[in-house]
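What follows is a set of notes on a single structure, which appears directly below.
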Amino acid sequence: MLHCKYLNPLSFKTTSNTPVLLPMSAMKLPGFWSMTDVTRSPRTLTSSSAAAKASQNTTTVDDPRLREMEKKKTETEAGREGKKIKGRVVLMKKNFLGFNDLKASVLDRVHELFRKGVSLRLISSETELQGEVGKAAYLENWVSTITPLIAEEITFDVSFDWDKKIGVPGALIIRNEHHSEFYLKSVTLEDVPGEDRVHFVCNSWVYPAKKYQKDRVFFANKTYLSGDTPETLKKFREEELENLRGDNEIRELKEWDRVYGYAYYNNLGNPDKSQEYARPVLGGPINPYPRRGRTGRRPTKKDCDTESRLNLFMSLYVYVPRDEQFGSIKMSDLLAYTLKSVAQFLKPGLPSLLASQLGGKKEFDNFQDILKLYKGGIELPDSLIKFIRDRIPAEMVKELFRTDGEKFLKFPMPQVIKEDDSAWRTDEEFAREMLAGVNPVAIHRLKEFPPVSKLDQKLYGDQTSKINREHIEHNLNGLNHHDTLMPYLRHINETSTKIYASRTLLFLKDDGTLKPLAIELSWPHDNGDQFGCESEVYTPSSQGVESAIWQHAKTYVAVNDSGFHSLISHWLRTHAVIEPFVIATNRQLSVLHPIHKLLHPHFHDTMYVNAVARQILVNAGGLLEKTVFPEKFSMEWSSAIYKNWIFPEQALPVDLIKRGMAVEDPSSPHGVRLLVEDYPYAADGLEVWSAIKTWVKDYCSFYYKTDKAVQMDTELKSWWKELREEGHGDKKDEPWWPKMQTRDELIESCTTIIWIASALHAAVNYGQYPYGGYFPNRPSISRRFMPKEGTPEYKELKTNPKKVFLETFAPHLQTLLGMAVIEVLSRHPADEVYLGRRDTAAWTTDADILQASENFRKKLEEIEEKIRNKNNDEKLKNRIGPAKVPYTLMYPSSEAGLTGKGIPNSVSI
């Protein structure tokens, strides 16, 4: 059989007038062209034929000089028409967990043999050529290229016939006639007339052509405002955005779909399972919330407003556009480390297993039991191993049953107890973590005394603090988890959780450290909310049972802070609020648009990690409901907090001023002056914020020379309008939204977006295991109220305070689940891309922008040096603290693993 994929059936005559069909490049006989040569030089044949025909109908003068001139002209045209543009195509074949799908590779080879290859056609960028599309060229040597076992980049050659009707290519069309998809990384054309080198950054999965209604289009690595696009490319630019919006696709979306749509959070509950798993829809006037990515799944049988859910083991296959999914390296890392959280699958056997491993005890009753989790782990009986194997896909088992002698449920030693396993109990460390821990964004300066409530008195009565000057007599800072919790407290305490609303007052000492002075624990009035609250105030003590009660009071505050951190500081204010920006950017800003290019690295993996979280973390019965105190009210509570979310206040300087931790000061390096000078999160964060803003200002000023340029940008207008009215649609009428009429508004908005996605997320995410991996330091659940004098619990507190503490704050199963979850969330994968870096070096052709990007990277390296120096400064006591944990959460770069440092570009875990 002849392999003739590169052309339509073609024959030509020899001198004997006998038709001959030549195979591709196999016939290299003298006097014959190969089929590849014929196909790729068609205009040479056409020109010759035309000349021959002309000679039969035209009388010419036999002048030697004219014949010579005509010969030279013909040779020049033939040389230009016969020029080849050589290209390199870099791609990765279909793979799973870092291994190539060899079955798919074989099927692709079969398709090649049947003339079903991968073709590319060039699209002109020159206006006068009216969008000319060139002839197809095919990837060469697909069959003969060996597919390696390990997934890696493979380079294929491609040759285009240069056509003066194309000129300089501005885009290309790629068509995949193979059986399987592949990941197209880049296409590079060399020796292009008029341009020399044209590069296409693709970074996209290309599925077989039958999966698409229209062929895939990729644009050359140029940047155009919407009004500056070459006329020849406008149609393709607009069609590509229309495809990505997919507003006409009213169906369940599949993995090859490239649709970015909006939906309410109506996929958290599972009423078909039981009413216990029903959850309210988030989004709309009753429970406002940011929008999520649309999947189009059918509604549940019992509630048409709730979207049906995937089977638990299919959670990693939840729909997002394929380009938003994890790469193979990150997916492998995620699966490996997620095995630590398989306790939810083991629930029938895990409690009894733990009891047997802990000498028959059903609870932790001393701190040494917890330390065993870091030093030895837990052995599994054979019956439980079989239980796991029957329920977990084979690809996920490799990390679970290790061959290096490490036992199941052995956790890394958290930094907070690595140097001193008791320093976490001190008042100094308790207060320091409000400035340099995993949730350093909640502390505020006390502006009124006693602390006042902003809750509606008609609904909640008098909520004024009971702390008075007999408790304290100092200028104060505070950690207030009163108003946010009180409206939900009665509901939450009807579950297995028992908590209080809390106010914590701290005094700023001369050495820059904070000293806790009083903790107020409040609960709803027995006669009803309208009667206000009841409260108890606790002050520090180091003697007797009062010392144990003070430790309990601090831990109730830690529980509140841990829950607020997980659901509000982390999930709501980074993951949830940034997803609408991802969707709107892909729907309204072309990949050619400068703001798309600026923001795209900061959206990497966000849609996918959020979609998976809605499957296994924040859903009804998910891991957060099992490990964080609001339980089934968790997401509803976060919706209540979202009502007060204001986009401009997410900018770090604005946030610090709002919380009273800084004041405006034009003479200060960052325009604000910290009132607590040794506030590690704020001090380092302002350095990073300023570096981001300088980079964004340089970038935006290059493309937008005036405010009018911002106002005239139609794509930018559509983006910002849709973001407000759709993505954050429940806040569309808020007056605080920037109008997006000036360069300053654009710069501030983009800086804030990048800050949320990178540095803010890093600050509240990667310290979770270093500080919370030792659960007594940051428990997220409490199961008992404070022991009251005269009760058996109070008596036991006197005789065995550690046992009472652990029974209250560290239940077995929740402790292990919580540790497993935050270990996974705190890790950096091997292929992490950090702030200031790109996954593609040649991401733009604009030299000034590349230089500004390099300046940004160098500035971040300078910040790293400053952080190292500050952590070695003994005068800055909050940077290390009694637990001897250096503050590095704003340190821009990191190695892979549990490092407690590093700012990834995006919300990617």
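Because only heavy atoms are used, hydrogens play no part in the values below, and waters and symmetry mates are left out as well, while side chains stay in. We're numbering straight along the sequence, starting at 1.
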### Residues in side-chain contact (heavy atoms from CB on, under 4.5 Å) contact with Glu734, at least two apart in sequence or another chain
Lys731, Trp736, Trp737
### Query
Does His491 NE2 have over 12 foreign heavy atoms under 6.0 Å away?
no
#### Entry: Pairing residues for Asp698 by the side-chain contact (heavy atoms from CB on, under 4.5 Å) criterion, not counting sequence neighbours
Thr694, Ala852
### Task
List in chain and number order the residues that pass side-chain contact (heavy atoms from CB on, under 4.5 Å) with Phe531, two or more places apart in sequence or in another chain; answer none if no residue qualifies.
His525, Asn527
### Task
Tell me, please, which residues at least two apart from Arg587 pass side-chain hydrogen bond (donor to acceptor under 3.5 Å, both in side chains).
Asp247, Glu722
### Query
Excluding sequence neighbours, so at least two apart, what forms salt bridge (Lys or Arg N to Asp or Glu O under 4.0 Å) with Lys721?
Glu725
### Task
Tell me, please, which residues at least two apart from Phe856 pass ring-ring contact (aromatic ring centres under 6.0 Å, His included).
Trp695
### Message
Checking Arg838 now: which residues fulfil side-chain hydrogen bond (donor to acceptor under 3.5 Å, both in side chains) with it, not counting sequence neighbours?
### Response
none
### Task
With sequence neighbours excluded, give me every salt bridge (Lys or Arg N to Asp or Glu O under 4.0 Å) pair touching residues 711-720.
Arg237-Glu715
### Message
Please enumerate all residues that pass side-chain hydrogen bond (donor to acceptor under 3.5 Å, both in side chains) together with Asn855, with sequence neighbours excluded.
### Response
Gln851
### Query
With sequence neighbours left out, which residue pairs that include part of residues 564-573 fulfil the side-chain hydrogen bond (donor to acceptor under 3.5 Å, both in side chains) condition?
Tyr289-Trp571, Asn439-Ser569, His570-His575, His570-His761, His570-Asn765
Cut-off 3.5 Å, no hydrogens considered: what does the side-chain donor-acceptor table look like for residues 670-677, sequence neighbours left out?
| unit_1 | atom_1 | unit_2 | atom_2 | d |
| --- | --- | --- | --- | --- |
| His670 | ND1 | Ser690 | OG | 2.7 |

### Task
Tell me, please, which residues at least two apart from Asn243 pass side-chain hydrogen bond (donor to acceptor under 3.5 Å, both in side chains).
none
